[in-house]
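Single-structure report; data block below.
Side-chain atoms are counted along with the backbone in the values below, which use heavy atoms only and exclude waters and symmetry mates. This chain uses plain numbering: 1 for the first residue, then up along the sequence. The structure presented is a predicted model; accordingly, all values stated were derived computationally and were not measured.
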Amino acid sequence: MFECINPATGAIAHRLPEMTPDQVEAAVARAHAAQIAWRQTGLAERSRLLEAIADAFEADADRLAALATTEMGKTFASARAEVMKCAGGFRYYAKAGPAMLADVAVPMAAGTVYQRWLPMGVVLAVMPWNFPYWQVVRFLAPTIMAGNAGLLKHASLTQGCAAAIEERVRAAGAPDGLFQNLAIRAGGVAPLIADDRVAAVTLTGSEEAGAKVAAAAGAALKKVVLELGGSDPFIVMPSADLDAAVAAAVTGRLQNAGQSCICAKRIIVHADIYDAFAERYTAAMLAAKVGDPMDPANVIGPLSSAEQRDTVLDQLARFQAAGARLAGGTVVDGPGAYLTPGVLTGVPADHPIAQEELFGPVAMLFRVDSAAAAVALANDVPFGLGSSVWTRDAAEKDYFVDWLECGMTAINQVLASMNEAAFGGVKKSGHGRELGPWGMHEFMNLKTVMMA
């Protein structure tokens, strides 16, 4: 039985049953049969289904948002925005997807050669709790458009959200078995990857989970896409608009209570503007309102669980033991897994603690004396997911784009995922890409056809 504890109150919100092995077997069989039928449908039919799912999400946006808030604590406003972003994701692939699947001619001196994108089969997705709808839709929308079928193993915290996604897909008229939530624990993932009826796997989560899934996929010789952790740098140079950079750094760190892989976790500021930036940034972080996630006046709600809050508190204690100074970052009295925003300064960059991802509303603030020093510090972690750079110098922009070791760089804006652009990282942040045509093509067979 999955037990949902509302992180805002500490009370049990609801319980949901786990699937039995026989139920899992039946679900996999349905997915396999559904995919064989679905791959034979026309692209127009696939687009119609995606549009209908988008309609179903929009029609139920308030209920879906409230469910996410109850299960993992994000503010209702951000949860509703996430639901609407999901609807946009379905509509994007409904409209742009058919062109992504068109045959591609290969110029040849003699004969005719072209390449065709064909579906791969059933795709298993292992997804986290921090964006309980959007993380799923990033895999699901292109999966449906591609002619594949999807199975979801969602986080234990957000089983209600997982069930609601399947319910919305069914309500939109999806064929039986095309998408199913598997209410199982992590131990059930490896046998699914080994199953011949599962063609590939995608995971968003921790390094540890990614390593286990990658090992299982490797043993089965199956394609895997991994989007893992991040400790994204947010670099501010002297030419930047300081007010805009401060505001963006706060937003970038506090989105989803700091529980996002692409949060601006390490704020790296040039010495010429460090003092002014640090004063404004620290004041703005400490002023951010924390409280009931259903109250629109609050910027952040609780962390996803008491366990997650305690993990962050343990990290903060180790930062301080290593010599760092902490402003804010304190537990809020009363029920709920609340933690106030905070700023760490004086973090020893060469200490092992500085290599860790801090998954909560606390930022590390660093001083550097050049663009080269900023790049060296930014790259000196095992992660390489995203980055944000603030400068109005054209040469600096190109320098950071070329030399930051990450999958994404935002210039003078907060990094965010978008339907049209590839999303993913390098190093221990994973491999493969989501979104755009790249996300759909990851789980397709590019067949070369040669005709005399």
Side-chain angles (χ1 to χ4, degrees), residues 128 130 205-211 227-236 249-250 252-271 274 277-278 281-282 285-286 288 300 302-332 337-369 373-388 404-406 415 425-430:
N130 58 338
S206 67
E207 294 172 75
E208 180 183 6
E227 194 267 279
L228 308 178
S231 189
D232 285 8
F234 185 103
I235 298 171
V236 188
V250 173
R253 189 65 194 104
L254 295 185
Q255 58 177 320
N256 211 34
Q259 300 167 121
S260 169
C261 295
I262 57 170
C263 272
K265 298 184 177 78
R266 294 179 298 140
I267 315 300
I268 301 172
V269 185
H270 193 281
Y274 178 87
F277 182 96
Y281 179 67
T282 302
M285 285 283 284
L286 300 187
I300 64 173
L303 271 67
S304 62
S305 66
E307 291 77 13
Q308 180 60 28
R309 180 196 60 194
D310 292 345
T311 295
V312 174
L313 288 172
D314 175 70
Q315 287 179 291
L316 295 180
R318 288 188 288 122
F319 270 108
Q320 291 173 288
R325 299 175 297 278
L326 175 64
T330 59
V331 174
V332 177
Y338 292 96
L339 185 69
T340 66
V343 178
L344 285 160
T345 54
V347 175
D350 58 350
H351 194 280
I353 187 66
Q355 302 289 303
E356 296 183 13
E357 178 181 23
L358 190 54
F359 218 58
V362 179
M364 291 174 264
L365 188 57
F366 297 92
R367 182 199 303 259
V368 293
D369 59 9
V375 165
L377 180 58
N379 291 343
D380 190 27
V381 292
F383 304 105
L385 188 54
S387 57
S388 181
L404 286 173
E405 296 171 352
C406 56
L415 182 64
V426 297
K427 298 164 66 173
K428 288 191 176 181
S429 290

Worksheet, complete the sentence: The reported gap from CG in Leu344 to CG in Leu365 (rounded to nearest 0.5 angstrom) is 9.5 Å
Worksheet item: Is any side-chain heavy atom of Pro233 less than 4.5 Å from a side-chain heavy atom of Arg266?
Response: yes
Discussion item. Within this structure, what is the CZ-OG distance for the pair Phe383 and Ser429, rounded to the nearest 0.5 Å?
Written reply: 6.5 Å
Fill in: Backbone N/O of Gly329 and side chain of Thr340: donor-acceptor pair under 3.5 Å
yes
Discussion item. Looking at every heavy atom in both Gly386 and Leu415, which two are closest together, and how far apart are they?
Written reply: CA-CD2, 3.5 Å
Fill in: Reported CZ-to-OG1 distance for the pair Arg367 and Thr345, which is rounded to 0.5 angstrom
10.0 Å
Worksheet entry | Pairwise side-chain contact, Arg309 with Val331, heavy-atom cut-off 4.5 Å (strictly under) | yes
Worksheet item: If you look at every heavy atom in Phe366 and Val347, which pair is closest and at what distance?
Response: CE2-O, 3.7 Å
Fill in: Non-hydrogen side-chain atoms of Val368 and Tyr274 separated by less than 4.5 Å
no
Fill in: Value rounded to 0.5 Å, distance of CZ in Phe359 from OG in Ser206
10.0 Å
Discussion item. Using only atom types and a distance under 3.5 Å, with no angle test, would you say the side chain of Asn379 pairs donor to acceptor with the backbone of Glu405?
Written reply: yes
Item to complete: Kindly compute the distance separating CD (Glu356) from CD (Glu207), expressed to the nearest 0.5 Å.
Response: 9.5 Å
Worksheet item: Can you tell if the side chain of Leu339 reaches within under 4.5 Å of the side chain of Val312, non-hydrogen atoms only?
Response: yes
Worksheet item: With a 3.5 Å cut-off and no angle check, do the side chains of Gln308 and Gln259 form a donor-acceptor pair?
Response: no
Discussion item. Please find the pair of heavy atoms, one from Ala288 and one from Pro341, that lie closest to each other, and give the distance.
Written reply: CB-CG, 4.0 Å
Practice prompt. For the pair Arg253 (side chain) and Gly360 (backbone), establish whether a donor and an acceptor sit closer than 3.5 Å, ignoring hydrogens and angles.
Written response: yes
Response to the item:
Nearest heavy-atom contact between Ala363 and Tyr281 is CB-OH, 3.2 Å
Response to the item:
On a heavy-atom basis, the closest approach of Leu385 and Gly230 is CB-CA, 4.3 Å
Item to complete: Taking the side chain as every heavy atom from C-beta outward, state whether Ile235 and Val269 have any atom pair closer than 4.5 Å.
Response: no
Worksheet item: Hey, does Asp380 have a side-chain heavy atom less than 4.5 Å from the side chain of Gln355?
Response: yes
Item to complete: Find out whether Asp310 and Leu313 are in side-chain contact, i.e. whether some heavy atom of one side chain is under 4.5 Å from a heavy atom of the other.
Response: yes
Worksheet, complete the sentence: For Leu404 and Ser387 the tightest heavy-atom approach is CD1-OG, 3.6 Å
Discussion item. Check whether His351 reaches the backbone of Ala322 with its side chain - one donor and one acceptor, N or O, closer than 3.5 Å.
Written reply: no
Worksheet item: Atom CD1 of Ile267 and atom CZ of Phe277: how far apart are they, to the nearest 0.5 Å?
Response: 6.0 Å
Item to complete: With side chain to side chain contact (heavy atoms under 4.5 Å, CB included) as the test, would you mind laying out the steps for Val362 and Leu316 before giving the verdict?
Response: CA-CA 9 Å; Val362 179; Leu316 295 180; 3.8 Å; yes
Worksheet item: Do any N or O atoms from the side chain of Thr282 and from the backbone of Ala278 form a donor-acceptor pair under 3.5 angstrom?
Response: yes
Fill in: Check: Lys265 side chain, Ser260 main-chain N or O, donor-acceptor pair, under 3.5 Å
yes
